[in-house]
> 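Take this structure first; my questions come after.
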There are 2 protein chains.
Amino acid sequence: MVDRRGDGDEGVTTTSKPPAESPVDVRERARAIPEAAVARLAVYLRVLSGMAEQGVTTISSEELAGAAGVNSAKLRKDLSYIGSYGTRGVGYDVEVLVSHIERILGLTRKHSVAVVGIGNLGHALANYGGFPSRGFPVAALFDIDPDLTGVPVGGIPVDHIDDITTVCAEREVSIGVIATPPQAAQAVCDRLVSAGVQCILNFAPVVLQVPDYVEVRKVDLAVEMQILSFHVARRADEAAGDVVNGVGVDGVVIRP
Amino acid sequence: MVDRRGDGDEGVTTTSKPPAESPVDVRERARAIPEAAVARLAVYLRVLSGMAEQGVTTISSEELAGAAGVNSAKLRKDLSYIGSYGTRGVGYDVEVLVSHIERILGLTRKHSVAVVGIGNLGHALANYGGFPSRGFPVAALFDIDPDLTGVPVGGIPVDHIDDITTVCAEREVSIGVIATPPQAAQAVCDRLVSAGVQCILNFAPVVLQVPDYVEVRKVDLAVEMQILSFHVARRADEAAGDVVNGVGVDGVVIRP
DNA sequence: CCGACTTTGTGCACACGTTCACAAGCGGTA
DNA sequence: TACCGCTTGTGAACGTGTGCACAAAGTCGG
């Protein structure tokens, strides 16, 4: 039932395609792509889309790397994970690259999204234009507050959280977004999981416990802030402690 | 532990390799906590704070690791970067650990935050309770829309973006949050930087170009979604692959 | 004071990710 | 066709991060 539709075939490129990659190879390749590279591929894709809109048809690794904020060797290696679709001496065809990255990222298929927790953040997410335009239609909204049920937010009526199982099944939700207060997050997560959702994006500042087969990514604003804070502090220490021999600013003995 | 051993008895170790590092490098290294560890320390801190509130005074690496969703060896190694504050046979004193992590993360100082772009997301951020409670008071809001100027959001009046330099200096903003549309992000970023802000949290789906001394972290919802999408696709491929092993790729299922 | 038991801190080996550097391949030119 | 300059793709070196496994260091009961 896993419809491996994707592009009807690989022959979009010129006739040159010696080893005639089989779908199995593509699959093996996808499995072997490092996590870090996947994140960057998504960035390349966005940059490339922008390029395409501006009418750019060809781009070199150097240019693309610059626009994506990485070094060009890394970029080429990342792209090599998905196949060799460049032309030596010339660069990459923007459209070809776009379609291959989309295929690898599984964007040939639409992924319906459900947002749980329609507070400030939930509202923002429901109205966020970046989702639908990139193949992630928001198909359902849930909240525990009965007063919200039926109220449309961003064009979609809110459902009560108790209906999560049936609604998710009905609308084929494949990604759940948790935007609830921390206390509710684990319970919501459990309900999503039992509703068959296997991918979760968690905005609540909690560590979710899930079965192995469920993929969770978290966005934790406080943690991001604290990482920035750490760098501020480190920088201050460096400035202040430059000359201090053996002792850091905070009293940590650095040298024996 | 901050390297204070001078004991004899290395046992069976091979001949030591000479890294030939200058003392300065050693000191820099000692100070440098791996980026990945810093992110986790922030998580430990949150978990520990919760524990403390519930009256827990002591915790073992195993328990804390479980609550933080990491393995215990990693947790201990992470904690060892900031010093050895545990008691063998017992565990860690929660409050002691909290205070040390806070010190390392630079949370003993308040870091004022400015949010630029008061749209849906900006509203959500301005109202987000998680910031002030964790030592990140929102001290300023900016937008380009003159109609918003003076309007209070989350208790703070919005300033016009043209006043960003003076206001940021006045209120000692150390962290800037960009929640504008992508087209505006780079310009806003430039203004923040020239206003002296050295740490930026970017929600706009753009790769920001900044000087070396500025620290940028990005939160890109579309990228997160696409990473999840990749995993969905990979999983689907794997499921198909189980069948494909020894069978054609046309989706015909042949059960052995 | 001792021995049994618990838990930390860390050396070591391994896996993952990044960067370098260069051969291979392509388009353009004479 | 033969050459030249340019850019890709990748093997190999390197650096960073992870996990295991165990000695060291503590508590506790007797």
> Does one side chain, of B:Glu35 or A:His231, offer a donor that lies under 3.5 Å from an acceptor on the other?
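Their side chains do contain a donor-acceptor pair, which is all the 3.5 Å distance test asks for.
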
> Starting at atom CD1 of B:Ile82, determine the distance to atom P of C:dT8, rounded to an integer number of angstrom.
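Taking CD1 of B:Ile82 and P of C:dT8, I get 14 Å after rounding.
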
> Do any of residues 52-63 of chain A sit with a heavy atom less than 4.0 Å from DNA chain D, and if so which?
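Result for residues 52-63 of chain A: A:Ser60, A:Ser61, sorted by number.
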
> Starting at atom CG of A:Asn71, determine the distance to atom C1' of C:dA21, rounded to an integer number of angstrom.
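For the pair A:Asn71 CG and C:dA21 C1', the rounded distance is 13 Å.
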
> Round to a whole Å and report the spacing from CG of B:Leu41 to C1' of D:dG17.
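Going from B:Leu41 (CG) to D:dG17 (C1'), I get 14 Å.
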
> Are OP1 or OP2 of C:dT18 and a side-chain N or O of A:Arg40 less than 4.0 angstrom apart?
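The answer is yes; a side-chain N or O of A:Arg40 sits under 4.0 Å from OP1 or OP2.
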
> Donor-acceptor pair under 3.5 Å: do we get one between A:Arg88's side chain and the base of D:dT8?
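Checked by distance alone, the answer is yes.
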
> Grab the NZ-C1' distance between B:Lys74 and D:dG17 for me, whole Å please.
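Answer to the nearest Å: 8 Å.
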
> Is any side-chain nitrogen or oxygen of A:Tyr92 closer than 4.0 Å to OP1 or OP2 of D:dG9?
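So the side-chain polar atoms of A:Tyr92 do come within 4.0 Å of the phosphate oxygens OP1 or OP2 of D:dG9, strictly under.
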
> A:Thr108 and A:Arg103: side-chain donor and acceptor closer than 3.5 Å?
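Side-chain D/A pair, A:Thr108 to A:Arg103: absent.
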
> Rounded to whole Å, please give me the gap between OH in B:Tyr44 and P in C:dT8.
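It is 13 Å, rounded to the nearest whole Å.
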
> Classify the side chain of B:Lys77 versus the base of D:dG19 as yes if they form a donor-acceptor pair under 3.5 Å and no if they do not.
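Checked by distance alone, the answer is yes.
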
> A:Ser80 has a side chain; which of D:dG17, D:dG9, C:dG17 sits nearest to it?
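Looking only at heavy atoms from C-beta outward on A:Ser80, the closest nucleotide is D:dG9.
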
> Can you tell me how far P of D:dT7 sits from CG of A:Leu97, to the nearest Å?
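So the two atoms are 16 Å apart, to the nearest Å.
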
> Given that B:Gly89 and A:Ala73 both sit by DNA chain C, which one's nearest nucleotide is further toward the 5' end?
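Whichever sits nearer the 5' end wins; that is B:Gly89.
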
> Please list, chain by chain and in numerical order, all residues satisfying side-chain contact (heavy atoms from CB on, under 4.5 Å) with B:Arg134, sequence neighbours excluded.
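Residues passing side-chain contact (heavy atoms from CB on, under 4.5 Å) with B:Arg134: A:Ala222, A:Gln226, B:Arg46, B:Phe136.
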
> Which nucleotide, D:dG9, D:dC20, D:dC22, lies nearest any side-chain atom of B:Arg76?
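Of D:dG9, D:dC20, D:dC22, D:dC22 is nearest to the side chain of B:Arg76.
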
> Tell me, which pairs form a salt bridge (charged side-chain N to carboxylate O under 4.0 Å, His left out) where one or both residues lie in residues 222-233 of chain B, sequence neighbours left out?
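For residues 222-233 of chain B, and leaving out neighbouring residues, the salt bridge (charged side-chain N to carboxylate O under 4.0 Å, His left out) pairs sorted by first residue read A:Arg217-B:Glu224.
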
> Would you be so kind as to tabulate the donor-acceptor pairs closer than 3.5 Å made by side chains of residues 174-186 of chain A, with sequence neighbours excluded?
unit_1   : atom_1 : unit_2   : atom_2 : d
A:Gln186 : OE1    : A:Gln209 : N      : 3.0
A:Gln186 : NE2    : A:Asp190 : OD1    : 2.8
A:Gln186 : NE2    : A:Gln209 : O      : 3.1

> Quick one: B:Leu64 CG to C:dT7 P, roughly how many Å, whole number?
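B:Leu64 atom CG is separated from C:dT7 atom P by 14 Å.
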
> Kindly write out the residues that satisfy side-chain contact (heavy atoms from CB on, under 4.5 Å) with A:Ala37, not counting sequence neighbours, or none if the list is empty.
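Partners of A:Ala37 by the side-chain contact (heavy atoms from CB on, under 4.5 Å) criterion, ordered by chain and then number, come out as A:Ile33, A:Pro34, A:Arg40, A:Asp78, A:Tyr81.
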
> Tell me the interatomic distance from A:Leu75, atom CG, to D:dT10, atom P, rounded to whole angstroms.
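From A:Leu75 CG to D:dT10 P: 14 Å.
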
> Mind checking side-chain contact (heavy atoms from CB on, under 4.5 Å) for B:Ser133 and listing every partner two or more places apart, or none if nothing turns up?
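Per chain and number, B:Ser133 pairs via side-chain contact (heavy atoms from CB on, under 4.5 Å) with no residue.
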
